[in-house]
Amino acid sequence: YMIKAARDTNLKGLILQLYGTGNLPSLKDDLIRALEEASEAEVVVVVTTQCHTGTVLLGHYATGQALKKAGVVSAGDMTLEATTTKLAYLLGQDLAIDEVRDLMTVNLRG
């Protein structure tokens with residue numbers, strides 16, 4: 001319900017901290033559907049890991065595959081702080097949402 005409520009408030013970006021390579025506790029169809037609806041409503045949904053090291057690899061497990069299919073973007077090996085800063089920066093530019101999604105997956109500096 002929180003994702004749907006946030007979507008209805010013109011939210012433009014959402015970052016989720018997940019387990020390991022980008023997994024949820026189990027495949028939650030309602031959550032996946034809500035994230036897909038958010039993506040379709042032009043909310044950039046990005047997943048990062050709670051782990052101190054490692055990379056989000058959407059598609060590595062069934063849950064990650066479902067997230068990827070729902071339009072969720074991987075933060076790769078970025079920290080939560082880097083992900084937040086990058087998403088805020090990109091959303092502040094005059095870019096199409098698909099361009100923001102694409103740019104979240106590439107290095108912008110350095």
Side-chain angles (χ1 to χ4, degrees):
Y1 298 110
M2 290 175 55
I3 294 170
K4 291 180 183 179
R7 184 191 68 222
D8 294 339
T9 63
N10 297 321
L11 180 78
K12 294 295 177 196
L14 176 65
I15 299 171
L16 302 174
Q17 272 193 295
L18 303 180
Y19 304 111
T21 60
N23 291 300
L24 299 168
S26 63
L27 193 57
K28 303 280 187 182
D29 291 337
D30 290 345
L31 177 56
I32 299 295
R33 198 169 14 260
L35 293 172
E36 184 174 24
E37 290 171 3
S39 291
E40 290 171 355
E42 297 197 344
V43 175
V44 180
V45 181
V46 183
V47 294
T48 186
T49 183
Q50 294 179 14
C51 299
H52 295 288
T53 60
T55 300
V56 173
L57 300 170
L58 295 181
H60 194 68
Y61 296 106
T63 305
Q65 291 172 2
L67 289 169
K68 189 174 183 178
K69 185 177 177 185
V72 173
V73 177
S74 168
D77 63 353
M78 286 189 287
T79 63
L80 176 60
E81 295 82 6
T83 303
T84 303
T85 302
K86 186 174 187 177
L87 183 59
Y89 170 77
L90 290 173
L91 289 173
Q93 306 303 306
D94 189 24
L95 302 171
I97 292 300
D98 285 336
E99 191 172 359
V100 172
R101 288 183 179 119
D102 290 342
L103 289 172
M104 284 300 298
T105 65
V106 298
N107 289 331
L108 298 180
R109 305 284 187 266

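The model shown is predicted, which means the values in this text are computed figures rather than measured ones. We use all heavy atoms of the structure for the numbers below, so side chains are in, but hydrogens, waters and symmetry mates are not.
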Side chain to side chain, Thr83 and Met104, heavy atoms closer than 4.5 Å: yes
Using modelled atom types only, decide if a donor and an acceptor are shared between the side chain of Thr85 and the backbone of Ala82 within a distance under 3.5 Å. no
Output for pair (Gln50 CD, Leu16 CG), nearest 0.5 Å, gives 10.5 Å
Assess whether side-chain contact (heavy atoms from CB on, under 4.5 Å) is satisfied between Thr49 and Thr55, documenting all intermediate values. CA-CA 7 Å; Thr49 183; Thr55 300; over 6 Å; no
Do you know which of Val47, Leu35, Val44 makes side chain to side chain contact (heavy atoms under 4.5 Å, CB included) with Leu14? Leu35
d(Glu81 CD, Ile15 CD1) to nearest 0.5 Å is 10.0 Å
Has the side chain of Lys86 got a donor or acceptor atom that lies under 3.5 Å from a matching backbone atom of Leu103? yes
Calculate, to the nearest 0.5 Å, the distance between atoms OG1 and CE belonging to Thr105 and Met78 respectively. 8.5 Å
Would a distance-only check, ignoring hydrogens and angles, find a side-chain to backbone donor-acceptor pair under 3.5 Å from Thr48 to Ala75? no
Let me check something: any side-chain donor-acceptor pairs from residues 90-101 under 3.5 Å, sequence neighbours excluded? List them with distances.
unit_1: Gln93; atom_1: NE2; unit_2: Tyr89; atom_2: O; d: 3.3
unit_1: Asp98; atom_1: OD1; unit_2: Arg101; atom_2: NH1; d: 2.9
unit_1: Arg101; atom_1: NH2; unit_2: Ser39; atom_2: O; d: 2.8
unit_1: Arg101; atom_1: NH2; unit_2: Val43; atom_2: O; d: 3.2

Applying side-chain contact (heavy atoms from CB on, under 4.5 Å), run through Thr63 and Leu18 and close with a yes or a no. CA-CA 11 Å; Thr63 305; Leu18 303 180; over 6 Å; no
Nearest 0.5 Å please: distance from the CD atom of Glu36 over to the CD atom of Glu40. 5.0 Å
